[in-house]
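Please read the structure below before turning to the comments.
Here is how names work: the chains are called A, B, and so on, in the same order as the sequence lines, proteins then strands, and each is numbered from 1.
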Amino acid sequence: MIEEKLQQAISQGLKELYDIDAEPKSVTLQSTRKDFIGDFTVVVFPWVKQARKAPQQMAEELGKKVHELLPEVVESNAEKGFLNFVIGDSYWQSLLKEVLATDAYGTKNADSSEAPIVIEYSSPNTNKPLHLGHIRNNLLGWSVAQLLKANGNNVRMVNLVNDRGIHIMKSMLAWMRYGNGETPETSGMKGDHLVGKYYVEFDKHYKKEVEDLMAKGYEEEQAKKEAPLIVEAQSMLKRWEEGDKEMRDLWSMMNGWVYKGFDETYKRLGVGFDKIYYESDTYLLGKELVSKGLEMGVLYKKEDGSVWCDLTDAGLDHKLLLRKDGTSVYMTQDLGTALLRHEDFGTERLVYVVGNEQDYHFQVLKIVMQRLGYQWAENIYHLSYGMVELPNGKMKSREGTVVDADDLISEMEAQAKEMCREKGKNCDMDETSLEALYHTIALGALKYFILKVDPTRNMLFNPAESIDFNGNTGPFIQYTYARIKSIVRKGAEANAVAFDETASQVIGPKEKEVLRLIHDMPSTIAQAAAAYSPAQIANYAYSVAKAFNSFYQDTPILKCENDNLRSFRVALCSAVAQVLKNTMNILGIEVPERM
RNA sequence: GUCCCCAUAGUUCAACGGAUAGAACGAAGGUUUCCUAAACCUUUGAUGUAGGUUCGAUUCCUACUGGGGAUACCA
């Protein structure tokens, strides 16, 4: 890596010129801004005091020194306290050669002997189909897993399905009352949508009952508690917990419908899991941990029998861990499942992709696990992401303002088809490949749109604007990739001369810009992985595509007079294609060879 | 009440404490004898307010304003 050599040389230069001790790693390099000449820049301000020199003079002296120490540096210039280095063309040529000789430049292979990182994402409830919020979760989870893999980590993806609780009882009850035995087969509906329909149905009737009670003089709160439907649902939950066969059978059947539906949606989204946990299996876990915590004295019991953890010394509140009747709560289960995963996978690194409304929950989880004696819990990482908002406000299932995942994907596909037809493209493709292409483009648009935004931020999803294939979008990158592949194909026909890295080329500014971006790929992946941020990868991929298009515009590639120069540029195209493919792959986006 | 997150062009998004704050969409104009014009090039326009730290602040600290979330014996 040229950066390391530069850091080393600068460190040595500082020592020799001014007797300043600076660790090579502590020397921060940045890319030189476009308006200045150079490839890398170092800011000398931090050392001017120690060196007792004016910034300009110091930068000049240090530049000269580094130039002497490092043959790759062919030139340096100083501008105020900014010292710019120009790296010689031979370095860039050897970089290009290296990229072409590597399958997945910039990515590392995972060491399978190492303990894996376990990443939980998706975690749906089984009473309704997936919506836009789940899409962000799923895409983030999948992408971060790919990102960590690309950074050389051993990764396992898990899903914790929330398949029990009052919500599914509501759907079951409504189905028993109003369903007339309707099934996915008889209704032609996807299973998750069918169950979701009865969840809505429940809510409708339940609201009516509450209103009726309030008309009879009940307080709202009391009416909500005593409406016959909710009372019935609660008694069903009790029967379910006692193992009542009728309840269990109905529950299994309806959950089965939902899983089939989810599988379809996951498949369309291109996500998957190594292991799926069901809450019905795990909801009793964690109680032993609580007993252990009581013995250790890190938890305490109130007079009514409920168990708590005092987190006031950590700036938090008291947190309930067991109800007074001895049953577990959400937190108890998560303590149990964390330990379960630690045992299942031998992992000490857990990542949870969960919305930011649960920031508090995961803060507590981490602390409590540590207090229970699991030091590895400090590695628990909550990948907290913001809400997806719609132009007219928040998504509310009751108000019908949710964007259904399946509908959205279909809509995107239809739009992709429309766009392709308008442009009159791909006349030479058969119907099957075309359908696959529409899907690829639609998902590319959707995934990129969501992943390019920093996970922590709330984002606005405008259904109309999202289906835009211009500008900073997935299809723009896909299209750039397809064009490059086309150029490379033509290049191969036009000349069979292999790229000769020993021949001297004049590398122009546009070529340099592209090469520089290619060079940055490994460090970009490392940074993005450290930040768990696919957004950095997305924006990087876009800048590569953008730089390529700009480079292509005024640099002849196929019509080069010089055979060797042409093969050099075609080779550069191949390298860009590889970078685009590998980065898009991290985002879970396919790149088509033709479109 | 307490705690957490967010605030950047008209809009949607960028910017390890570094140089003149970048893109895209929108608006106005231009470009095709290399691939596939879903492209390229011009022009337009922004750091919520007030302080502080620093050679240097969109970035770090404090207060305020505005938005979101959490603070459930729900999950």
Is it the case that the base of [N] and the side chain of [X] share a donor-acceptor contact (distance under 3.5 Å, atom types as modelled)?
| X | N | answer |
| --- | --- | --- |
| A:Arg483 | B:C35 | yes |
| A:Asp304 | B:C73 | yes |
| A:Asn84 | B:A19 | yes |
| A:Thr41 | B:A19 | yes |

Can you check the distance between [N] and [M], where both ends of the measurement are the [atom1] atom (answer in whole Å)?
| N | M | atom1 | value |
| --- | --- | --- | --- |
| B:C55 | B:A19 | C1' | 13 Å |
| B:G18 | B:C60 | P | 11 Å |
| B:G56 | B:A21 | C1' | 15 Å |
| B:A24 | B:U20 | P | 22 Å |
| B:U44 | B:G48 | C1' | 23 Å |
| B:C64 | B:A27 | C1' | 37 Å |
| B:U71 | B:C13 | C1' | 32 Å |
| B:A63 | B:U59 | P | 16 Å |

Within-4.5 Å side-chain heavy-atom neighbours: [X] and [Y]:
| X | Y | value |
| --- | --- | --- |
| A:Leu285 | A:Leu340 | yes |
| A:Leu365 | A:His382 | no |
| A:Val161 | A:Asn255 | no |

Whole-Å distance separating the [atom1] atom of [X] from the [atom2] atom of [N]:
| X | N | atom1 | atom2 | value |
| --- | --- | --- | --- | --- |
| A:Asp554 | B:U32 | CG | C1' | 14 Å |
| A:Asn549 | B:C41 | CG | P | 8 Å |
| A:Leu322 | B:A72 | CG | C1' | 16 Å |
| A:Leu437 | B:A38 | CG | P | 14 Å |
| A:Asn470 | B:A23 | CG | P | 18 Å |
| A:Phe45 | B:G18 | CZ | P | 13 Å |
| A:Gln536 | B:A23 | CD | C1' | 16 Å |
| A:Asn356 | B:U71 | CG | P | 12 Å |

What do you reckon, do [X] and the base of [N] stack, with centroid distance below 5.5 Å and planes below 30°?
| X | N | answer |
| --- | --- | --- |
| A:Tyr479 | B:A39 | no |
| A:Phe82 | B:A19 | yes |
| A:Tyr542 | B:A23 | no |
| A:Tyr552 | B:C34 | yes |

**Rounded distance (nearest 0.5 Å) linking atom CZ of A:Phe548 with atom CD of A:Glu513** = 12.5 Å

Can you tell me the base-pairing partner of [N]? Count Watson-Crick or G-U wobble geometry only, both distances below 3.5 Å, and say none if there is no partner.
| N | answer |
| --- | --- |
| B:C3 | B:G69 |
| B:U36 | none |
| B:U54 | none |
| B:A63 | B:U49 |
| B:C16 | none |
| B:A21 | none |
| B:A27 | B:U43 |

**Request:** Show your reasoning for whether side-chain contact (heavy atoms from CB on, under 4.5 Å) applies to A:Lys301 and A:Ser306.
**Result:** CA-CA 6 Å; A:Lys301 195 177 253 185; A:Ser306 56; over 6 Å; no

**Item:** Parallel, tilted or perpendicular: ring planes of A:His134 versus A:His131, cut at 30 and 60 degrees
**Value:**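 A:His134 vs A:His131 ring planes: tilted.
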
Just checking [X]: base, sugar-phosphate only, or nothing, at a heavy-atom cut-off of under 4.0 Å?
| X | value |
| --- | --- |
| A:Gln358 | base |
| A:Tyr360 | sugar-phosphate |
| A:Val43 | base |
| A:Tyr330 | base |
| A:Leu460 | sugar-phosphate |
| A:Thr555 | base |
| A:Pro475 | nothing |

**Item:** A:His318 and A:Tyr300: side chain donor to acceptor below 3.5 Å
**Value:** yes

OP1 or OP2 of [N] versus the side-chain N and O atoms of [X]: is any pair under 4.0 Å?
| X | N | answer |
| --- | --- | --- |
| A:Arg33 | B:G22 | yes |
| A:Lys546 | B:A24 | yes |
| A:Lys49 | B:C55 | yes |
| A:Lys490 | B:U36 | yes |
| A:Ser550 | B:C41 | yes |
| A:Arg457 | B:A14 | yes |

Are any side-chain N or O atoms of [X] and backbone N or O atoms of [Y], one a donor and one an acceptor, separated by less than 3.5 Å?
| X | Y | answer |
| --- | --- | --- |
| A:Asn539 | A:Ala535 | yes |
| A:Arg136 | A:Ile450 | no |
| A:Thr32 | A:Phe40 | yes |

Please tell me which of the listed nucleotides, [options], lies nearest to the side chain of [X]?
| X | options | answer |
| --- | --- | --- |
| A:Gln30 | B:A75, B:G18, B:C34 | B:G18 |
| A:Met595 | B:A70, B:C16, B:A38 | B:A38 |
| A:Asp454 | B:U33, B:A19, B:A14 | B:A14 |

**Prompt:** For RNA chain B, whose closest nucleotide is more 5', that of A:Glu357 or that of A:Arg164?
**Reply:**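 So the residue in question is A:Glu357.
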
**Prompt:** Taking the nucleotide of RNA chain B with the closest heavy atom to each, which residue, A:Ala416 or A:Asp325, is nearer the 5' end?
**Reply:**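 Nearest-nucleotide comparison on RNA chain B picks A:Ala416.
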
